Amino acid sequence: MELRLYDTLTKTKRTFLPLRQEDVRMYVCGPTVYDFAHIGNARPVIVFDMLFRLLRFFAKKGVWDEGKGQTTVTYVRNITDVDDKINNRAARDYPGMPLNEAIRKVTEKTAEQFRTDVKALGCEPPTFEPRATDFVLPRLDGKADMVTLIKQLIERGHAYEAVGEVLFDVRSMPDYGTLSGQNLDEMRPGARVAVDAHKKSPLDFVLWKQSSGDEPGWESPWGRGRPGWHIECSAMSAAYLGNVFDIHGGGLDLIFPHHENEIAQSRCAHGTATMANFWMHNGFVEVEGKKMSKSDGNFVTIRDLLAKWPGDVLRLQMLMTHYRSPSDWTDARAHQANAELEDWAYLLQSRYTWSDAVLPEPTAIAEILADDLDTSNALTFLRELYSRAKRGTEEEIREFAASCRLMGFRNLNKPGYFNQINTGIGAGSGEAVSKNADRIQALRAAYANTAPPQVISVISSEIESSSNIRVEVTDKGKVILVFGNRQETDTKVNELIEQRNEARARKDFTESDRLRGVLAQMGITLRDFKDPVTGEPKSEIVQ
RNA sequence: GGCCACGUGGCGGAGUGGUUACGCGCCGGUCUGCAAAACCGUUUACUCGGGUUCGAGUCCCGACGUGGCCUCCA
């Protein structure tokens, strides 16, 4: 088994080998916490969660330590909590509050929202989730920090002070621009942003800038100020992973300038030839065929989507596309993903014991994923496993289950969460069910995504307030609207089913169909079958 | 102006030189009193124009189109 990964820096797919066999070290750029994360933010989180899972699988197999299986995987994903957008948001949302306090409120709230969202997407927490503000000043524990890094850059002649700022001197680094394939002389400085006159080169970027009294700031050798955007990742990656580590990931848009500048800072400060052995970048997300643009309003937050779909649906939709290709978020694709998940969940729920089964190692699917995280072909394989498992042995179901688990789907024991056919039980339920279709879907999603109880009760009471309805959730996760007295209804339903079975037994199909119609009016859909042993006609309620 | 992706059937999405991948949907069939489910099957494709080749969705050139980056968007 070997893992092959595409490296943006060398533009090649190579075999991945950890720099140190005892641990694999990965750093991924995380969110700037000023607002709800959008579906574009979800992609790198899901993609690198898949990689994290795969790396641990390989580590456990002992692929990198002669079969011992003791390699650890360290995954660091930062939280950017110093940024002018945060400052603006804090001033807007908490007017009158001292800025630092308001900023902390904004960042803590947003970071918590983010964690809730990505958990619903089936993403495991990274090993470390450092916040930028904890790494501005030198630390008691001696971990790398931004101020020290900047000092080193100045000492080594890679940075200079000008009008209160500290700037990185790109001309001091001969191979600046390698990652993005940009050539300093061919770039068009100022193409989008005016060039500041105090820079030696237009491409020089800020390491430290002054803060006015009403901006967040830290006391530094260059006065009270705050760090530039890129330096935080240089500091936090070094703090947890060392000066040179295995994998650095993020979105395609971060290649330039963010990652380019990270490389410049880290390599020049540490005097190393590389920063990370592999640079991995996920492609963009579009929304309904158009580029996602916050300024054009063409974007969807993860939170909005989770209000409608189980996180598994978003995850599957994301994994349907190879991570380096563009991915289009459309409602149609969500429906497709949902439909497949429902099938899978139905099979697993009905044929597989979740509690105490010992799962096999999903080696076959891991082999496919090992080709540069080929999730698309892995899903094709998963579909093969599914159709084999459907009429297969216990072993085959277990392999399917184990493979699903490696892909990170959470709710495959609850087919009801994916079931798009809404049902109500009780006379005249049809109208209320169709009237509340959106709310029922929202409720299903809320359960699937383990939304807070308040959210669930708000939606439930919205549905229940409209008339004599009670919301029930079956053990399969199916949301059902129940009218009137459930016990009476159940008794009535059972009677009708019994009468119908009798009618069918005496081949009175007119009566049988009439009774099925009566049941349908009560929201009950039947599925007929013959008892495999006695051959007696039976029926079950479709839920 | 420079750099970089991408363009496959109703939809999604694989496929880097040689039998309609696969999934969703549609349609048909088997089964079933009917329906549902399940199973089986059919259908529709490679943006355009050149070139290389016995043979190209796959390689080369060009055009067109879409998208991204060129200082703080994942």
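Quick caveat, the model's predicted, so the values are computed rather than measured. Note on naming: letters A, B, ... go to the chains in the order of the sequence lines (proteins, then strands), and numbering restarts at 1 for each one.
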Any pair with a residue in residues 514-526 of chain A that passes salt bridge (Lys or Arg N to Asp or Glu O under 4.0 Å), sequence neighbours left out, goes on the list, sorted by first then second residue, please. A/Glu511-A/Arg514, A/Asp513-A/Arg516, A/Arg516-A/Asp528

Could I get the full list of ring pair (Phe, Tyr, Trp, His ring centres under 6.0 Å) partners for A/Tyr417, not counting sequence neighbours? none

According to ring pair (Phe, Tyr, Trp, His ring centres under 6.0 Å), who are the partners of A/Tyr323, at least two apart in sequence or on a separate chain? none

Figure out the [atom1]/[atom2] separation between [X] and [N], and round it to whole Å.
X: A/Arg43; N: B/G68; atom1: CZ; atom2: P; answer: 15 Å
X: A/Asp253; N: B/C3; atom1: CG; atom2: C1'; answer: 16 Å
X: A/Met320; N: B/C22; atom1: CE; atom2: P; answer: 17 Å
X: A/His230; N: B/C72; atom1: NE2; atom2: P; answer: 8 Å
X: A/Gln317; N: B/G23; atom1: CD; atom2: C1'; answer: 14 Å
X: A/Phe284; N: B/G67; atom1: CZ; atom2: P; answer: 13 Å

Check for me whether the distance between the ring centres of [X] and [Y] falls short of 6.0 Å.
X: A/His281; Y: A/His259; result: yes
X: A/His38; Y: A/Trp329; result: no
X: A/His248; Y: A/Phe278; result: no

Could you list all N or O pairs between the protein and nucleotides 5-8 of chain B that sit under 3.5 Å apart?
none

Does a salt bridge link A/Arg53 with A/Asp49, judged by any charged N lying under 4.0 Å from a carboxylate O? yes

Any salt bridge between A/Asp35 and A/Arg89, counting N to O under 4.0 Å? yes

Comparing A/Pro44 with A/Ala339, nearest RNA chain B nucleotide closer to 5' gives the residue A/Ala339

Report yes if a side-chain nitrogen or oxygen of A/Arg333 is closer than 4.0 Å to either non-bridging phosphate oxygen (OP1 or OP2) of B/G23; otherwise report no. no

According to a strict under-4.0 Å criterion, is A/Lys209 in side-chain N/O contact with OP1 or OP2 of B/C72? no

Suppose we define a pair by two distances each less than 3.5 Å, Watson-Crick or G-U wobble; what does [N] pair with here?
N: B/G25; value: none
N: B/G18; value: B/C54
N: B/C6; value: B/G65

[X] and [Y]: side chain donor to acceptor below 3.5 Å:
X: A/Gln113; Y: A/Thr116; answer: no
X: A/Ser211; Y: A/Arg226; answer: yes
X: A/Asn261; Y: A/Tyr176; answer: yes

Test applied, salt bridge (charged side-chain N to carboxylate O under 4.0 Å, His left out); reference residue, A/Lys13; option that passes from A/Asp372, A/Asp371, A/Asp7: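 That would be A/Asp371.
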
Protein-nucleotides 35-39 of chain B N/O pairs closer than 3.5 Å?
| unit_1 | atom_1 | unit_2 | atom_2 | d |
| --- | --- | --- | --- | --- |
| B/A35 | N6 | A/Asp528 | O | 3.4 |
| B/A35 | N1 | A/Asp528 | N | 3.0 |
| B/A35 | N3 | A/Arg516 | NH1 | 3.3 |
| B/C39 | OP1 | A/Lys390 | NZ | 2.6 |
| B/C39 | OP2 | A/Lys390 | NZ | 3.3 |

Select base, sugar-phosphate, or nothing to describe what [X] touches, counting heavy atoms under 4.0 Å on all strands.
X: A/Gly228; answer: nothing
X: A/Gly250; answer: sugar-phosphate
X: A/Ser512; answer: base

Do A/Glu340 and B/G23 share a donor-acceptor pair, side chain to base, under 3.5 Å?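 When only heavy-atom distances are counted, A/Glu340 does not reach the base of B/G23 through any donor-acceptor pair under 3.5 Å.
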
Side chain A/Asp328 and base B/G12 donor-acceptor under 3.5 Å: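 Answer is no: no donor-acceptor pair is held.
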
Give, ordered by number, those residues of residues 373-384 of chain A having at least one heavy-atom distance below 4.0 Å to an atom of RNA chain B; if nothing qualifies, reply none.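 Within this stretch, A/Ser376, A/Asn377, A/Thr380, A/Arg383 sit under 4.0 Å of the strand.
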
